[in-house]
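Remember, predicted model here, so these are calculated numbers, not experimental data. First the proteins, then the strands, lettered A, B, ... as listed; each starts at 1.
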Protein chains: 2
Amino acid sequence: MTRTLDPERDSAPRDERDVALGALSDSLGFLLRLAQVQVFDRFFEDLGQIGLRPGEFSVLWVLHLNPGVRQGLLAQRLRVKRAHMTKMIRDFEARGLVERRTPEHDRRAVELLLTPEGTAFVRDHAEAFFTHDIRRPSTLTEAERAQLFTLLQKYVGLGPREGR
Amino acid sequence: MTRTLDPERDSAPRDERDVALGALSDSLGFLLRLAQVQVFDRFFEDLGQIGLRPGEFSVLWVLHLNPGVRQGLLAQRLRVKRAHMTKMIRDFEARGLVERRTPEHDRRAVELLLTPEGTAFVRDHAEAFFTHDIRRPSTLTEAERAQLFTLLQKYVGLGPREGR
DNA sequence: TATTGTTATACTCTATAACTATA
DNA sequence: TATAGTTATAGAGTATAACAATA
């Protein structure tokens, strides 16, 4: 928060082709959006050919780590709405990556499992998924990158020993 | 990057109600998404009544700082597609917040200006917009917050003296 | 009555391409 | 030919509410 909200005090002689952002450069929401656009662009450049979006791969990954997890709990932890999760899971099912199972002790629920194909898919793409961004030449040093992760984890309440 | 990609090596005795995230906790895209959801939630809790989304207010703010800016340049700098910007600006025009002007020297272009109502709107809400998140009790200290901003700005290429 | 997942609907954001009017 | 903005269309993501089956 080094900038003032008063545009007059923040205005350098402005180039026609430039656009002053002022305090917007210190808006967390704006910065997060720019960062996310950049991450998305890089994801599709590097991994566009695997045929899944980042959010979709994340779901498969979490199923890999939590076989039999309940669909609603999965949606809750990934901050996805239940209705949307239903569509995603149905899609995975149609592609043969995920199996749905109704437990006897609560027949309202749905437990999720990767199929062998789903498991193979995760094993084949996990390393690329988790490391593609790191391997890029970055504006951040390794130490800065680690620091950024720590701060974001803390901001969203995913401490180093929480949320596992 | 402290976690392994091998789920076996990362599995604590798992609670039925918990969901292991494993390496996903170190995925920049995932962290950015969680952070953005949180920022969005807070925005609507604090400022839902002003009737604009964060992105919309950002556009008005930038028009406030750059009167007469070209619509396409604005879209480019804010990382919004031209087609989408057209709709937003038409909306603002209908609400009486923005005026569109065709310059004589290039009659293909559109230059944008806030109306007096638009200017008043920005002045009335800018402080709340830029400070509501800061005023919240946060999991981050003031120093950590500043650090997070610096790192995000550097990551997206908005250095402390760039992008103004 | 409450909960789990489903369906339906709608709105935003995004992406693309075709179009116009200018240059 | 190229550019600025527009329009149309489609897809993904999200939000909400109503619903069936089950608890």
Side-chain angles (χ1 to χ4, degrees), chain A residues 16-17 19 29-30 32-34 36-41 43-45 48 51-59 68-95 98-112, chain B residues 16-17 19 29-30 32-34 36-41 43-45 48 51-59 68-94 98-113:
Chain A
E16 260 295 289
R17 326 222 65 193
V19 179
F30 182 67
L32 290 173
R33 181 172 183 280
L34 291 187
Q36 206 163 34
V37 166
Q38 185 165 317
V39 166
F40 237 71
D41 286 350
F43 178 88
F44 284 108
E45 282 172 33
L52 286 186
R53 291 152 192 296
E56 294 173 330
F57 188 86
S58 299
V59 168
V69 71
R70 292 262 303 284
Q71 185 172 309
L73 181 58
L74 178 65
Q76 192 184 336
R77 286 309 299 280
L78 259 32
R79 300 286 239 129
V80 164
K81 285 282 175 295
R82 281 181 309 161
H84 185 207
M85 186 57 80
T86 294
K87 275 187 284 190
M88 278 181 73
I89 294 299
R90 292 293 196 181
D91 228 58
F92 286 143
E93 200 185 16
R95 291 205 244 180
V98 167
E99 186 196 338
R100 294 152 26 87
R101 191 174 63 184
T102 304
E104 312 96 30
H105 62 280
D106 184 349
R107 297 178 37 71
R108 296 171 303 180
V110 173
E111 291 177 352
L112 303 174
Chain B
E16 261 294 290
R17 327 222 66 193
V19 179
F30 182 66
L32 290 174
R33 182 174 182 278
L34 291 188
Q36 207 164 35
V37 167
Q38 184 165 319
V39 166
F40 237 71
D41 286 350
F43 178 87
F44 284 109
E45 282 172 33
L52 286 186
R53 293 154 191 295
E56 294 172 331
F57 188 85
S58 299
V59 169
V69 71
R70 293 261 304 283
Q71 185 172 310
L73 181 58
L74 179 65
Q76 193 183 339
R77 286 308 300 280
L78 260 29
R79 299 286 239 130
V80 163
K81 286 281 175 296
R82 281 182 309 161
H84 186 206
M85 186 58 80
T86 295
K87 276 189 283 189
M88 279 181 72
I89 294 298
R90 292 294 196 182
D91 228 58
F92 286 144
E93 199 185 17
V98 167
E99 186 196 337
R100 294 151 29 84
R101 192 175 61 184
T102 303
E104 312 94 32
H105 61 279
D106 184 349
R107 297 179 36 74
R108 297 171 302 179
V110 174
E111 292 177 350
L112 302 174
L113 293 165

> OP1, OP2 of dT3(D) versus side-chain N and O of Arg70(B): anything below 4.0 Å?
Replying inline: no
>> Go through it in stages, so that I can follow the logic: the residues are Gln71(A) and Thr86(A), the test is side-chain contact (heavy atoms from CB on, under 4.5 Å), and I'd like the CA-CA distance, side-chain angles, deciding distance and then a yes or no.
In response: CA-CA 8 Å; Gln71(A) 185 172 309; Thr86(A) 294; 3.3 Å; yes
> Can you tell if the side chain of Arg101(A) reaches within under 4.5 Å of the side chain of Val110(A), non-hydrogen atoms only?
Replying inline: no
>> So, does Gln76(B) get its side chain near the phosphate of dA4(D), meaning an N or O under 4.0 Å from OP1 or OP2?
In response: no
> Are side-chain heavy atoms of Val39(A) and Phe44(A) found at a separation under 4.5 Å?
Replying inline: no
> Among dT4(C), dT22(D), dT6(C), which nucleotide sits nearest the side chain of Arg107(A)?
Replying inline: dT22(D)
> In whole angstroms, how far is the P atom of dC11(C) from the CD atom of Glu56(B)?
Replying inline: 14 Å
> At under 4.0 Å, does any side-chain N or O of Lys81(B) touch on OP1 or OP2 of dT14(C)?
Replying inline: no
> Among the nucleotides dT6(C), dT14(C), dG13(D), which one has an atom lying closest to any side-chain atom of Lys87(B)?
Replying inline: dT14(C)
> Does Arg95(A) CZ have over 12 foreign heavy atoms under 6.0 Å away?
Replying inline: yes
>> Less than 4.5 Å apart, side chain to side chain, heavy atoms only: is that true for Gln76(B) and Leu73(B)?
In response: yes
> Do Thr102(A) and Glu111(A) meet the criterion of a side-chain donor-acceptor pair at a distance under 3.5 Å?
Replying inline: no
> Is the shortest side-chain N/O distance from Arg101(A) to OP1 or OP2 of dG5(C) below 4.0 Å?
Replying inline: no
> Expressed in angstrom and rounded to an integer, what is the separation of His84(B) atom NE2 from dA10(D) atom C1'?
Replying inline: 15 Å
> Between Thr86(A) and dT6(C), is there a side-chain N or O to OP1/OP2 distance below 4.0 Å?
Replying inline: yes
>> Assuming nearest nucleotide by heavy-atom distance, tell me which of Phe40(A) and Pro103(A) is located more 5' along DNA chain D.
In response: Phe40(A)
> To the nearest angstrom, how far is Glu104(B) atom CD from dA21(C) atom C1'?
Replying inline: 17 Å
>> Tell me the interatomic distance from Glu111(A), atom CD, to dT4(C), atom C1', rounded to whole angstroms.
In response: 13 Å
> Expressed in angstrom and rounded to an integer, what is the separation of Arg53(B) atom CZ from dG13(D) atom C1'?
Replying inline: 13 Å
> Nearest nucleotide by nearest heavy atom, which residue falls closer to the 5' end of DNA chain D, Arg33(B) or Asp106(B)?
Replying inline: Asp106(B)
> Which residue lies toward the 5' end of DNA chain C, Arg90(A) or Val37(A), if each is placed at its nearest nucleotide?
Replying inline: Arg90(A)
>> I need the CG-C1' distance between Leu78(B) and dT14(C), as an integer number of Å.
In response: 15 Å
>> Please report the distance, rounded to the nearest Å, between CZ in Arg79(A) and P in dT14(D).
In response: 11 Å
> If only side-chain N and O atoms of Arg108(B) are considered, is one of them under 4.0 Å from the OP1 or OP2 phosphate oxygen of dG5(D)?
Replying inline: no
> Taking the side chain of Arg82(B) as heavy atoms from C-beta outward, which of dT7(D), dA23(C), dG5(D) is closest to it?
Replying inline: dG5(D)
>> dT4(C), OP1 or OP2 - any side-chain N/O from Arg100(A) closer than 4.0 Å?
In response: no
> Please give, in whole Å, the distance from dT6(D) C1' to Asp91(B) CG?
Replying inline: 15 Å
